Amino acid sequence: MIRVENLSKRFAEIEAVKGVTFEAPDGRITGLLGPNGAGKTTTLRMISTLVQPTTGRAMVDGVETGTDPLGVRAKLGLLSDARGLYMRLTARENIAYYGRLRGMTSPAIASSIAKLAQWLDMEALLDRRTDGFSQGERMKVAIARALVHDPRNVVLDEPTNGLDVMTTRSLREVVRRLREEGKCVLFSSHVMQEVSALCDEIVILAHGAVVAVGPPEAIREASGCTSLEDAFVKLAGAEAAEA
Ligand SMILES: Nc1ncnc2c1ncn2[C@@H]1O[C@H](COP(=O)(O)OP(=O)(O)OP(=O)(O)O)[C@@H](O)[C@H]1O
């Protein structure tokens, strides 16, 4: 479970995140939805210990990012906005390298890669060097790399950016399988349809602050709008219309 309490981040004069509080429970898919610049990536980076909060705290399975960042990282799989791969290594070697960094044994790495390759339909890619991979192929390797150690909590920053329909669907399937396994899945998106298709809970961010939390239908009802898209535009402001 991921919990953030009154989390804020200031970069010089920019208040990127302002007093954000929400919970992403186990066995649920929670979507962090907001227009460009709303503070989604900064929030996810604070949860993942990559950025220190100015105030507030973030906890993963009860472990606080500020006091035990390594403990938090062990409990977390992160697909960050930086998705660089080692181009001279094959897909399998890229994923295995992360498994070794996580202290996994070779047999555990091999069985994890076999499962993820099947989930992501990437068996044919495993023994190719990643140099020259398409965007979708690179994304699959980056996701497998984030999940290789079978983390209880999964944080995905805009995972479907740049993916075609088929790859987006297989990613959604992976996210649903993670939920079936009881994991906590938190992902960000600026695409309302993406979030409503997949999420049990939505946290809408605008200008660094939470403007709505709840299941998609409850958010729509509370907004008084007829569609979730209208609710998003109303709650997140004019920028959402362009997202
Ligand atoms: N390292 C940084 N230094 C200065 N400003 C930053 C930094 N990181 C983020 N910001 C600013 O904080 C605000 C929130 O950025 P953030 O990347 O968290 O938004 P986002 O919701 O993920 O947006 P997008 O959908 O465009 O990725 C923006 O105004 C951004 O310019």
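One-based numbering along the sequence shown. What you are looking at is a predicted structure, and each value in this text was computed from that prediction instead of being measured. All values below were derived from every heavy atom in this structure, side-chain atoms included, with hydrogens, water molecules and symmetry-related copies excluded.
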For this session: Output, in order, the C-alpha distance, side-chain angles, deciding distance and verdict of side chain to side chain donor-acceptor pair (under 3.5 Å) for Thr41 and Asp157.
Result: CA-CA 7 Å; Thr41 296; Asp157 193 2; 2.9 Å; yes
On a heavy-atom basis, which atom in [X] and which in [Y] lie closest, and how many Å separate them?
X	Y	answer
Ala117	Leu126	CB-CD1, 3.7 Å
Met122	Ala144	SD-CB, 4.3 Å
Arg220	Thr226	CD-O, 3.5 Å
Ser223	Ala231	OG-CB, 3.2 Å
Pro35	Leu205	CD-O, 3.5 Å
Arg102	His149	CZ-NE2, 3.3 Å

So do [Y] and [X] actually touch side chain to side chain, heavy atoms under 4.5 Å?
X	Y	answer
Ile109	Arg100	yes
Arg3	Phe22	no
Val148	Met104	yes
Ile113	Leu116	no
Leu147	Leu178	yes
His190	Leu33	no
Ser196	Phe232	no
Arg45	Leu78	no

[X] side, atom [atom1]; [Y] side, atom [atom2] - distance, nearest 0.5 Å:
X	Y	atom1	atom2	result
Ile204	Leu235	CD1	CG	5.0 Å
Thr30	Ile202	OG1	CD1	10.0 Å
Asn161	Ser189	CG	OG	7.5 Å
Leu125	Lys140	CG	NZ	6.5 Å
Arg129	Asn94	CZ	CG	11.0 Å
Leu44	Ser188	CG	OG	5.0 Å

For this session: Take Arg138 and Thr130 through the test side chain to side chain donor-acceptor pair (under 3.5 Å) and record every step on the way to the result.
Result: CA-CA 7 Å; Arg138 285 202 303 271; Thr130 59; over 6 Å; no
Problem set entry | Steps toward side-chain contact (heavy atoms from CB on, under 4.5 Å) verdict (Val20, Val203) | CA-CA 10 Å; Val20 164; Val203 178; 5.6 Å; no
[X] with [Y], same ILVMFWY side-chain cluster at under 4.5 Å:
X	Y	value
Leu101	Val154	yes
Met59	Val155	no
Met139	Leu198	yes
Leu120	Leu89	yes
Met46	Val4	yes

Exercise. Going through the distances and angles, do Leu171 and Ile143 end up as a side-chain contact (heavy atoms from CB on, under 4.5 Å)?
Worked result: CA-CA 9 Å; Leu171 179 76; Ile143 292 166; 3.0 Å; yes
Exercise. Which is it for Glu158 and Leu79 under the side-chain contact (heavy atoms from CB on, under 4.5 Å) test, yes or no, and what are the steps along the way?
Worked result: CA-CA 9 Å; Glu158 305 249 6; Leu79 178 76; over 6 Å; no
Problem set entry | Ion pair check, Asp26 and Arg152, cut-off under 4.0 Å | yes
Problem set entry | Cationic N near anionic O, under 4.0 Å, Lys18 to Glu15 | no
Seminar exercise, completed: Contacts satisfying side-chain hydrogen bond (donor to acceptor under 3.5 Å, both in side chains) that involve residues 106-115 (not counting sequence neighbours) are Lys115-Glu181
Give a yes or no on whether the backbone of [Y] and the side-chain of [X] come within a donor-acceptor separation of less than 3.5 Å.
X	Y	answer
Lys40	Gly34	yes
Thr21	Asn6	yes
Glu137	Ser134	yes
Glu93	Thr90	yes
Thr42	Gly39	no
Asn153	Met1	yes
Thr160	Leu163	no

For this session: Please say which of Leu76, Val72, Asp61 ends up in a side-chain contact (heavy atoms from CB on, under 4.5 Å) with Ile2.
Result: Leu76
Exercise. Would you say Tyr97 has more than 12 foreign heavy atoms packed within less than 6.0 Å of its OH?
Worked result: no
For this session: Give a yes or no on this: more than 12 heavy atoms of other residues, nucleotides or ligands lie within 6.0 Å of atom CZ of Arg169.
Result: no
Exercise. What's the verdict on side-chain contact (heavy atoms from CB on, under 4.5 Å) for Phe187 and Ile29, showing C-alpha distance, side-chain angles and the deciding distance?
Worked result: CA-CA 8 Å; Phe187 82 90; Ile29 303 170; 3.7 Å; yes
Exercise. Is the Lys NZ or Arg CZ of Lys9 less than 6.0 Å from the centre of Phe11's six-membered ring, within 45° of the axis?
Worked result: yes
